[in-house]
Amino acid sequence: GHIYMPNSLMTIGAQMHEAGYDVDLYDLNIEKAELKSNIVGINLLAGSHISEVQSIISAIRQGYGNDIKVVLGGQILAPGRDIKHPKAPG
């Protein structure tokens, strides 16, 4: 498969870092993530990744609880729309 640079996550991460936040970026194609925050950003490149992302979100919730906020981004999401995982609280 192909590995793409997560430009949108890197852009947001750089802005958050400049604002004083600690930021860690992981590429799950390369390494397993160790969550150190209550906010996780996931970049989607294609609609075919949605089921995989749902599995990742479920694993995050199981391992770290429902207090983790998950932010989805990427070229397939429409701006201004909230998309909730079917099992997300609230």
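Below, each value reflects all heavy atoms present in this structure, side chains not excepted, and no hydrogens, waters or symmetry copies.
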Run I68 and I39 through side chain to side chain contact (heavy atoms under 4.5 Å, CB included) and show every step you take. CA-CA 6 Å; I68 300 290; I39 301 173; over 6 Å; no
Distance, nearest 0.5 Å, that separates CG of D24 from CG of D22: 7.5 Å
Show your reasoning for whether side chain to side chain contact (heavy atoms under 4.5 Å, CB included) applies to V70 and I42. CA-CA 7 Å; V70 178; I42 299 176; 3.8 Å; yes
Just so I know, are the side chains of L35 and I60 near enough to count as touching, which here means a heavy-atom distance under 4.5 Å?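 SC-SC contact between L35 and I60 confirmed.
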Considering only heavy atoms from C-beta outward, does the side chain of M10 approach that of L25 to under 4.5 Å?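 Side-chain contact under 4.5 Å: yes.
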Inter- and intrachain pairs under salt bridge (charged side-chain N to carboxylate O under 4.0 Å, His left out), touching residues 37-47, at least two apart: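 Of all non-adjacent pairs touching residues 37-47, none passes salt bridge (charged side-chain N to carboxylate O under 4.0 Å, His left out).
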If we ignore hydrogens and angles and just use 3.5 Å, is the side chain of R61 paired with the main-chain N or O of D67 as donor and acceptor?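 Here the side-chain-to-backbone pair does not exist.
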With a sphere of 6.0 Å drawn around OH of Y21, does it hold more than 12 non-hydrogen atoms of other residues, nucleotides or ligands? no
Flag if over 12 foreign heavy atoms under 6.0 Å of CG, N38: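 Yes - once you tally the heavy atoms of other residues, nucleotides and ligands closer than 6.0 Å, there are more than 12.
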Should I57 and Y64 be counted in the same cluster of Ile, Leu, Val, Met, Phe, Trp and Tyr side chains packed under 4.5 Å apart?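 In one cluster with I57: Y64, yes.
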Non-hydrogen atoms of V23 and H17 that approach each other most closely: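 Scanning both residues completely, I find the closest heavy atoms to be CG2-N, 3.8 Å.
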